[in-house]
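Take a look at the structure set out below.
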Amino acid sequence: MIVKGKRKPKDMVNSEQLTKLGNRIRNLRLKAGYQSQEIFAYESNIPRAQYARYEKGTNITYVSLLKIISVHKLSVHEFFSEGFD
């Protein structure tokens, strides 16, 4: 990404993408009717504290992301079709 003729530092790009990922995960939970992270995490067999970190935009393993995507019955393509540039 270019800002005033300069490239953004890699950390900023990664941070922005992780924030988008967290927002997408949160929006899917809410769309599924779960107001509570705790209930969603419990019913999805994901540790509650870890799930909360995912929504906050901390780094996530590919396997964990696939688990969340499968809970929502989406393909990887469908997951990334919204909320990402």
Side-chain angles (χ1 to χ4, degrees):
M1 200 172 242
I2 308 239
V3 177
K4 295 183 183 179
K6 295 183 180 180
R7 296 184 66 118
K8 282 190 176 182
K10 186 177 179 181
D11 290 346
M12 288 181 69
V13 173
N14 290 340
S15 177
E16 289 174 8
Q17 292 302 316
L18 287 171
T19 297
K20 289 177 184 180
L21 183 65
N23 289 338
R24 178 70 167 136
I25 291 170
R26 179 180 183 274
N27 290 336
L28 285 171
R29 174 181 54 83
L30 293 172
K31 186 177 177 181
Y34 289 91
Q35 294 300 312
S36 167
Q37 288 179 342
E38 186 172 359
I39 292 171
F40 177 81
Y42 176 78
E43 290 184 3
S44 302
N45 199 29
I46 301 168
R48 180 199 53 79
Q50 187 64 44
Y51 181 79
R53 286 191 289 270
Y54 296 156
E55 284 196 9
K56 288 182 181 177
T58 61
N59 208 347
I60 183 172
T61 67
Y62 185 66
V63 171
S64 297
L65 180 58
L66 290 178
K67 185 173 186 175
I68 292 170
I69 290 171
S70 71
V71 166
H72 291 291
K73 297 180 173 65
L74 297 173
S75 69
V76 174
H77 176 66
E78 290 168 323
F79 178 82
F80 285 105
S81 68
E82 290 182 32
F84 298 90
D85 299 338

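These numbers were taken from a predicted model, which means no experiment stands behind them. Each residue takes its place number in the sequence, starting with 1.
Side-chain N or O atoms of Thr58 include one that pairs as donor or acceptor with a backbone N or O of Arg53 at under 3.5 Å.
Nearest heavy-atom pair, Ile68 versus Ile60, reported as atom, atom and distance to 0.1 Å: CD1-CD1, 4.0 Å.
For residues 33-49, no residue pair satisfies the salt bridge (charged side-chain N to carboxylate O under 4.0 Å, His left out) rule, not counting sequence neighbours. Note on residues 72-82: pairs passing salt bridge (charged side-chain N to carboxylate O under 4.0 Å, His left out), not counting sequence neighbours, are Arg24-Glu82. Applying the ring-ring contact (aromatic ring centres under 6.0 Å, His included) rule to pairs touching residues 65-85 yields Phe40-His72, Phe80-Phe84, sequence neighbours excluded.
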May I have the step-by-step check of side chain to side chain contact (heavy atoms under 4.5 Å, CB included) for Asn59 and Asn14, ending in yes or no? CA-CA 9 Å; Asn59 208 347; Asn14 290 340; over 6 Å; no
Apply the test side chain to side chain contact (heavy atoms under 4.5 Å, CB included) to residues Ile69 and Leu28: give CA-CA distance (whole Å), side-chain angles for both, the deciding distance (0.1 Å), then the verdict. CA-CA 9 Å; Ile69 290 171; Leu28 285 171; over 6 Å; no
Give the C-alpha distance, both sets of side-chain angles, the deciding distance and a yes or no for side chain to side chain contact (heavy atoms under 4.5 Å, CB included) between Glu55 and Arg29. CA-CA 10 Å; Glu55 284 196 9; Arg29 174 181 54 83; 2.6 Å; yes
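From Lys67, atom NZ reaches atom OH of Tyr54 across 8.5 Å, with rounding to the nearest 0.5 Å. Atom CG of Leu30 and atom CD1 of Ile25 lie 12.0 Å apart (nearest 0.5 Å). The line from OH of Tyr42 to OG of Ser36 is 12.5 Å long, rounded to the nearest 0.5 Å. With values rounded to the nearest 0.5 angstrom, Tyr34 atom OH is found 6.0 Å from Ser44 atom OG.
Ile46 and Leu66 fall within a single hydrophobic cluster, where Ile, Leu, Val, Met, Phe, Trp and Tyr side chains are chained together by heavy-atom contacts under 4.5 Å. Using a 4.5 Å cut-off between side-chain heavy atoms of Ile, Leu, Val, Met, Phe, Trp and Tyr, with links allowed through other members, Leu18 and Tyr62 fall into the same hydrophobic cluster.
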